[in-house]
Amino acid sequence: MSADPVTPGGDTGITRDEVAHLARLSRLAVTDAELDVFAGQLEVILSAVSRVGEVAADDIPPTSHAVPLQNVFRPDELRPGLTQEQALACAPAAEDGRFRVPQILGEEA
Amino acid sequence: MSAELTRLTAAELAEKIHTREVSAVEVAQAHLDRVAAVDGEVHAFLHVATDAALASAAMVDEGLAAGTAPASPLAGVPLALKDVFTTLDMPTTAGSKILEGWRPPYDATVTSRLRSAGITILGKTNMDEFAMGSSTEYSAYGVTRNPWDTSRVPGGSGGGSAAALASFQAPLAIGTDTGGSIRQPAAFTGTVGVKPTYGGVSRYGLIACASSLDQGGPCARTVLDAALLHEVIGGYDPLDSTSIDERVPSVVEAARLGTSGDLSGLRVGVVRELGGEGYQAGVRASYEEALRQLEKLGAELVEVSCPHFEYGLAAYYLILPSEVSSNLARFDAMRYGLRVDKGASAEEVMAATREAGFGPEVKRRIMLGTYALSSGYYDAYYGQAQKVRTLISRDFAAAFGQADVLVSPATPTTAFPIGDKVDDPLAMYLNDLATIPTNLAGTAALSVPSGLADGLPVGLQVMAPALGEAVMYRVAAAYEAARQAEDGGPLINRVPSLPGGVA
């Protein structure tokens, strides 16, 4: 994806290739037909949300969370969790008490 | 008899059950019969837990027969639970194919509090997939119909919960409100919906949409019923690290106080930026009438300005997708949920599964969030949206310096026809114009019916500062009582009969 900075409130054109790249980053195997639809829709949405750039906010601190809480810890005590059986009960595939997953590393690795 | 039971409020039902005039089992059965009669038309429920509901009600009856005090003021009263809260004994889908048939290994805190309170959980309600949507049309399991006009949407994302209330399938329901998903469906169905202060109701076991905005809350047909439910589900939970460790505001007392009908000395802030242009004429007329009624109750109307609210929608649709893109990464086809075995590698299986398991709105928001968080775009989009969030909180703080509560129409329009906005995401997003600022600021708000516009319900939004729920409930209860006195009864009594229903 291009690393060009965005002009606030300016042109937010998003190409079909960029949408394909976003889909790959998002682990979504979207179809060609979907790419066409999403490119148009994301363009419309992005041009609407880019309005946030119209607000002069250089000296405004960002809010990530409405309630300012810091360092919320629980007591460091043992407490019951899920059993192995419970954890695996809804797994798409399990073997020998473990999650069975497809190949993670490529052949060449 | 059975039909009459479904028309009663939760408070009335509780009294009858606790004085043993009727049994909790009879009440549960009456509601299950109603579900069987009308839900084919409405489609509010994704799962009906007949046996579990009757067993839970029987336990309440046994306790009462043994002379034990009821577990809560709502023990034995039926409830419809939004399918985004985990339940051990019922499937939990969040309206998504990716979780079809999933049986969670634990109960959400809200679920366990409902159970401990002796509330009868009738089943799980339909919703837009992962609570993303304003019409319930983005559910993977079909649309819910608005009982006021079944060709129209019930709002969303909690359309199932709101429609269950408006069709007398349940007197109580639970929703979640990330940008209006409790209040907008309440407005569209002539019911009451409350978005509590962020951190007021535990998010443990609430399947995340946007963690910094999500908030569970009570839905009902009256303000008092919502207050009773609020006190059951609210309060500190150590399992949610954003839970507020303070006493739940005394909302039941406040709602009862409100019905006395006196609001003198109270300042009601009329938000200049919410209302007027962009709001349907019938909605505006209903709002004007509500303002007149509040004044008649003795409240002092003060005009307040919240100049950054107009940027709320833009900030929200950057912050929410950003959080969504991260939260929904957990659906990786490895540990639970759907797996589509297409491709050799884990990555290919993951992409094929997410492609098949997510609907279009979820995909759009994941990609939008991925974009907004990308290097080179982060500052202009996500970073800037977070600053706007600060400015919106400051607008609220200034307004609450001038007024005890703020009011606005809950939604710009009444319920729209099914199919109208489903392919136009931006038009859909505009539904949340008036409700979003509250979520960004983490404050509290509710929607209470304010009458009809062309035969469809309109909602009045009442907003309060963080943990200021008591005054909000008081104002809403006073307004509700005054409106009903003038109108000759609750708005919900005017809902048309459904084909399968006797009522």
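None of the values given here were measured: they were computed from a predicted structure.
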Which atoms of [X] approach chain A - backbone, side chain, both or neither, heavy atom under 4.5 Å:
X: B:Ser325; answer: neither
X: B:Ile392; answer: neither
X: B:Glu310; answer: both

Open item on the list: I'd like to verify something: which residue of A:Pro102, A:Ala23, A:Ala66 has the highest number of heavy-atom pairs under 4.5 Å with chain B?
Closed with: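 The answer is A:Pro102.
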Task: Winner by heavy-atom pair count (cut-off under 4.5 Å) against chain B, out of A:Val37, A:Val30, A:Val67 - done: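 When all of A:Val37, A:Val30, A:Val67 are compared, A:Val30 has the most.
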- [ ] On the 0 to 90° scale, with breaks at 30° and 60°, tag the B:Phe331-B:Phe358 ring pair as parallel, tilted or perpendicular.
- [x]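 Perpendicular.
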Open item on the list: For B:Tyr106 and B:Tyr204, take the angle between the two ring planes, folded into 0 to 90°, and tell me which bin it lands in: parallel under 30, tilted 30 to 60, perpendicular over 60.
Closed with: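 B:Tyr106 vs B:Tyr204 ring planes: tilted.
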Task: Ring centroid separation B:Tyr377 to B:Tyr382 under 6.0 Å - done: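 Ring centroids of B:Tyr377 and B:Tyr382 are no less than 6.0 Å from each other.
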- [ ] Run the ring-centre check on B:Tyr371 versus B:Tyr381 and record whether the distance is less than 6.0 Å.
- [x]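 Yes, close enough.
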TODO: Kindly give the heavy-atom pair with the smallest separation between B:Lys363 and B:Arg354, and that separation in Å.
DONE: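 Smallest interatomic distance, heavy atoms only, reads CE-O, 4.1 Å.
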TODO: Grab the two heavy atoms, one from B:Ser211 and one from B:Asn327, that are nearest each other, plus how far apart they are.
DONE: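 In this case the closest contact between B:Ser211 and B:Asn327 is OG-ND2, 3.0 Å.
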Task: Options B:Gly337, B:Ala351, B:Ala315, ranked by heavy-atom pairs under 4.5 Å with chain A, top entry - done: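 Most heavy-atom pairs under 4.5 Å with chain A: B:Ala351.
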Task: Most contacts with chain A, counted as non-hydrogen pairs under 4.5 angstrom, among B:Arg335, B:Met334, B:Met350 - done: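 Most heavy-atom pairs under 4.5 Å with chain A: B:Arg335.
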- [ ] Let me know if A:Thr83 has heavy atoms under 4.5 Å from chain B in its side chain, its backbone, both or neither.
- [x]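 Neither part.
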